[in-house]
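Notes follow once the structure below has been shown.
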4 protein chains.
Amino acid sequence: MVSRTGPKRSESIRRAVLDAADDLLVERGFSGVTMEGIAVRAGVAKQTIYRWWKSKVDILLDTLVDDAEQPLAWRPGSSPAAPEEELTDQLGRVAAFLQEPAGQVLLSLIGHAQLDPETAAKLRDGFLREQRERDLAGLGALLARHTGRPVDERLTGRLLDAALGPIFHQALVLGRPADPATLATTARLVLDAAGREPVPGAGRSSDAE
Amino acid sequence: MVSRTGPKRSESIRRAVLDAADDLLVERGFSGVTMEGIAVRAGVAKQTIYRWWKSKVDILLDTLVDDAEQPLAWRPGSSPAAPEEELTDQLGRVAAFLQEPAGQVLLSLIGHAQLDPETAAKLRDGFLREQRERDLAGLGALLARHTGRPVDERLTGRLLDAALGPIFHQALVLGRPADPATLATTARLVLDAAGREPVPGAGRSSDAE
Amino acid sequence: MVSRTGPKRSESIRRAVLDAADDLLVERGFSGVTMEGIAVRAGVAKQTIYRWWKSKVDILLDTLVDDAEQPLAWRPGSSPAAPEEELTDQLGRVAAFLQEPAGQVLLSLIGHAQLDPETAAKLRDGFLREQRERDLAGLGALLARHTGRPVDERLTGRLLDAALGPIFHQALVLGRPADPATLATTARLVLDAAGREPVPGAGRSSDAE
Amino acid sequence: MVSRTGPKRSESIRRAVLDAADDLLVERGFSGVTMEGIAVRAGVAKQTIYRWWKSKVDILLDTLVDDAEQPLAWRPGSSPAAPEEELTDQLGRVAAFLQEPAGQVLLSLIGHAQLDPETAAKLRDGFLREQRERDLAGLGALLARHTGRPVDERLTGRLLDAALGPIFHQALVLGRPADPATLATTARLVLDAAGREPVPGAGRSSDAE
DNA sequence: CGCTAATCGAGACGGTACGTCTAGTCTTGGC
DNA sequence: GCCAAGACTAGACGTACCGTCTCGATTAGCG
């Protein structure tokens, strides 16, 4: 196939579509985001959108990649001696992120993933998998500094669930931001559990999977 | 105005509608549940459904009340001496419940609540609030038996989040059932934290065990 | 309304239903007449209406019998010497009748008869057939007085069509009352034709059916 | 803004819809014509119909324009010397037309016009007005040939009512086709009346409006 | 510089479900 | 047993988006 080129994909259209979707989500909620509405708002023909995205979910996933990675990054601790404060801060950033527009996109997509397996697959194989890897690395390093020894990855995974679980539980199930007291309690719980855990290879039966 | 009576609401129709909605959710997913589809499946006229329910969300909320309360109930411990096992069992029942049809209804409604504020309000003011009260009572009693003294209700609330958070996090965010190891780790974490907490008004807890 | 007469049909309900139907037709037009609306307006249950009438058409047919016969009656001529004026007057009464509520009922029913064969059958076998008999008798007597000899009934029928046709044509097709000039022209036409017609039994071929 | 064009309205769909409506009217009567039924029968989406027509009445009106004009046209007389035969033929064509599918459409619409003022307005301002103009021109020319002088237009109008009235009266009120004898009688009546009328300007008072 | 392939706006089209409406039947209980 | 109240089945209504498609108008680079 000889690539006789024509005009190239318009970057301004891509941005206009992503922005329109984002705006509509904030203004009218997830069901207020429609392909037709995005097209009108972005000043673009429907077919132009369908040429580049399969669905509104794909559009929102694109906005997520642009907007969510940085706010959820693990910051290197300013004071290496205070892992509990560092963990509490990180959990606070996660909780705060969920209140912002980009966080609303994430919550909406997680919500929609409960209703549509295809969304679930795309979300989990894409953004969520990568974010979990970053979280595992960040928490693993923090725990290692805290305990003075490397931490088993499966244990890190369970502690990550213990750390993030309450935040997402409150956001998704109770529909409210996690309060600071919960974050502090959670951080201490996780660090205590990590300190009490045996050295890898000498695990107690209850840790076995 | 004298209340001249007419025919009464048909209970068999009510059940047929709830069952049809439940079946459709399991077979075709949330978007496969439509008012029209429910009407056909239940062998009932659409108008009859609209007479009693405003939307498919309202129908699913009704199925929850019918079908979710019992499986999520806290069972009185057969052996008062083993609260850890009792808590693990309870968490196991919650995790198992989420795999069943009624649990899928709950997950779908929580998902839809992220997309629609009205659904969120109904779900949280209805089933979720009552279920949380039952959970607080159940966990509170268990912790009291475990620690030998009454437990502060706000603390119970945070520990309930710590207990349920990982389960819902895995179900909603990771899209998989919570594994037994996570449940056991979680149960121990919660009980340890409760044991370490100070008696109300009796000084701060130390880091040491 | 204390109609404690037991299993007898309530005459007051019959009147209330007919009046309600009539009023609704005038106020909201034919499509504004619904069984439900009649029931509400008459302060009567739907089933009570269905017990006695099959449809709103049957109700309107009942009102027609009550209200249309008298205004369409042929009046004995005050002055026997002026059949043209007498005929013009009669046609004027018909035209005027069609402007009144009862006339609107008739026009509506004729209209509906074009759309529904059952209505057509009931209307033509009932009111219209009887009215045509009265018209044939009235016009026949008038023509006999005018020509001085009995007039063939088939010819009377054709002349009746010639007399009424323009009135109904203007009402039904043009949607306006027949103007006096048309009525006068029509009356003269009919009388001239009757005068020119041969004695029964010596008819020209064009009169044969 | 340059006017970018899109696809044009499909003529084949337009015909399919008109045909479907026509067929349904003949097969199932006016109430058997539904937007939904037309859509199914024409193999077309409902929304496509609503894009171009407001109601089934509008569709039927369109079929009239397509199908009724030609059969109701006044044919130039082959033999200028026989206006009576020519008029009888024309009236015969009208009567025959009312028996055909397109004529049933017209009768149905006239019927519905009695029940719905909007239908009445559309029908009279559209097809009926234009048809009346054609009829006035046709009858006017015929009468001029018959009498040897131009005929007053208002008189032509009244004679047109006298000619068409009986036909529509029999069709709409009596529900049967006009018989040949009636047509012949009517034609002769009309021509006689035209011949007897005075020259314009010397009219009798009864012709004045 | 013109050919050609792509992008793009506009919008017609077949679908599916929506939530509403009225008709006509059936059920219950008061009188 | 008559009646009011109203639940119920049935099915058309007109609307909203969906995702696909066709139609020209408009760009770019390749030759």
Side-chain angles (χ1 to χ4, degrees), chain A residues 1-10 13 31 33-40 42-52 54-56, chain B residues 1-10 13 31-40 43-56, chain C residues 1-10 13 31 33-37 39-40 42-56, chain D residues 1-10 12-13 31-40 42-56:
Chain A
M1 162 76 76
V2 181
S3 175
R4 286 262 193 174
T5 55
K8 289 303 173 220
R9 172 173 186 182
S10 160
I13 283 178
S31 72
V33 183
T34 68
M35 293 299 255
E36 215 131 76
I38 293 171
V40 170
V44 144
K46 254 198 313 182
Q47 186 52 38
T48 302
I49 299 182
Y50 278 106
R51 203 187 329 273
W52 303 110
K54 247 194 75 185
S55 66
K56 70 175 179 176
Chain B
M1 163 72 76
V2 181
S3 175
R4 295 265 199 164
T5 59
K8 290 301 172 227
R9 174 174 183 180
S10 160
I13 283 177
S31 71
V33 182
T34 67
M35 294 298 256
E36 216 130 72
I38 294 171
V40 170
V44 146
K46 241 192 331 176
Q47 186 53 42
T48 300
I49 299 183
Y50 278 105
R51 201 189 332 274
W52 302 112
W53 293 277
K54 249 193 71 187
S55 66
K56 69 174 179 175
Chain C
M1 165 186 4
V2 186
S3 174
R4 287 281 57 230
T5 46
K8 288 288 170 51
R9 174 174 185 178
S10 160
I13 283 177
S31 70
V33 183
T34 69
M35 294 299 255
E36 213 131 76
V40 170
V44 144
K46 258 198 309 181
Q47 186 50 40
T48 302
I49 299 182
Y50 278 107
R51 206 186 326 274
W52 303 111
W53 294 274
K54 246 196 77 187
S55 65
K56 69 174 178 177
Chain D
M1 165 73 75
V2 182
S3 172
R4 304 247 200 169
T5 59
K8 289 304 171 228
R9 173 172 186 181
S10 158
S12 65
I13 283 178
S31 71
V33 182
T34 67
M35 293 298 255
E36 215 131 69
I38 294 171
V40 170
V44 145
K46 241 192 329 174
Q47 187 54 44
T48 299
I49 300 183
Y50 279 107
R51 201 187 333 273
W52 303 111
W53 293 278
K54 248 194 74 187
S55 65
K56 70 174 178 176

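A, B, ... follow the sequence lines: proteins, then strands. Residue 1 opens every chain.
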Inset, instruction - Applying side-chain hydrogen bond (donor to acceptor under 3.5 Å, both in side chains), name anything that partners A:S31, two or more places apart in sequence or on another chain. - result: none
Inset, instruction - Under 4.0 Å between any heavy atoms, over every strand shown, what does B:T48 touch: base, sugar-phosphate, or nothing? Just pick one. - result: base
Legend entry - Euclidean distance, atom NZ of residue A:K8 to atom P of E:dC8 [Å, nearest integer]: 11 Å
Inset, instruction - Mind calculating the distance between CZ (A:R9) and P (E:dG9) to the nearest angstrom? - result: 12 Å
Legend entry - Test salt bridge (Lys or Arg N to Asp or Glu O under 4.0 Å) applied to B:K56 - qualifying residues, sequence neighbours left out: none
Legend entry - Footprint string (nucleotides 16-21 of chain F, 5' to 3'): B base within contact, S backbone only, - free, heavy atoms under 4.0 Å: -BSBBB
Legend entry - Set of residues satisfying side-chain hydrogen bond (donor to acceptor under 3.5 Å, both in side chains) with respect to C:E36, sequence neighbours excluded: C:K46
Legend entry - Whole-Å distance separating the CH2 atom of D:W53 from the C1' atom of F:dC13: 18 Å
Inset, instruction - Check whether any side-chain N or O of B:W52 sits under 4.0 Å from OP1 or OP2 of F:dC8, and answer yes or no. - result: yes
Legend entry - Nearest-nucleotide pick for A:I13, side chain only, options being E:dG9, E:dG15, E:dC13: E:dG9
Legend entry - First encountered from the 5' end of DNA chain E, between D:A45 and A:G43: A:G43
Inset, instruction - Quick one: list whatever passes side chain to side chain contact (heavy atoms under 4.5 Å, CB included) with A:R9, sequence neighbours left out. - result: A:R14, A:W52, A:W53
Legend entry - Closest heavy-atom pair and its distance - C:A39, C:A45: CB-C, 4.2 Å
Legend entry - Distance in angstrom units between B:R51 CZ and F:dA10 C1', rounded: 13 Å
Legend entry - Atom pair distance, as rounded to whole Å: CD1 in D:I49 and P in E:dG14: 9 Å
Legend entry - Counterpart residues, side-chain hydrogen bond (donor to acceptor under 3.5 Å, both in side chains), relative to C:T34 (two or more places apart): none
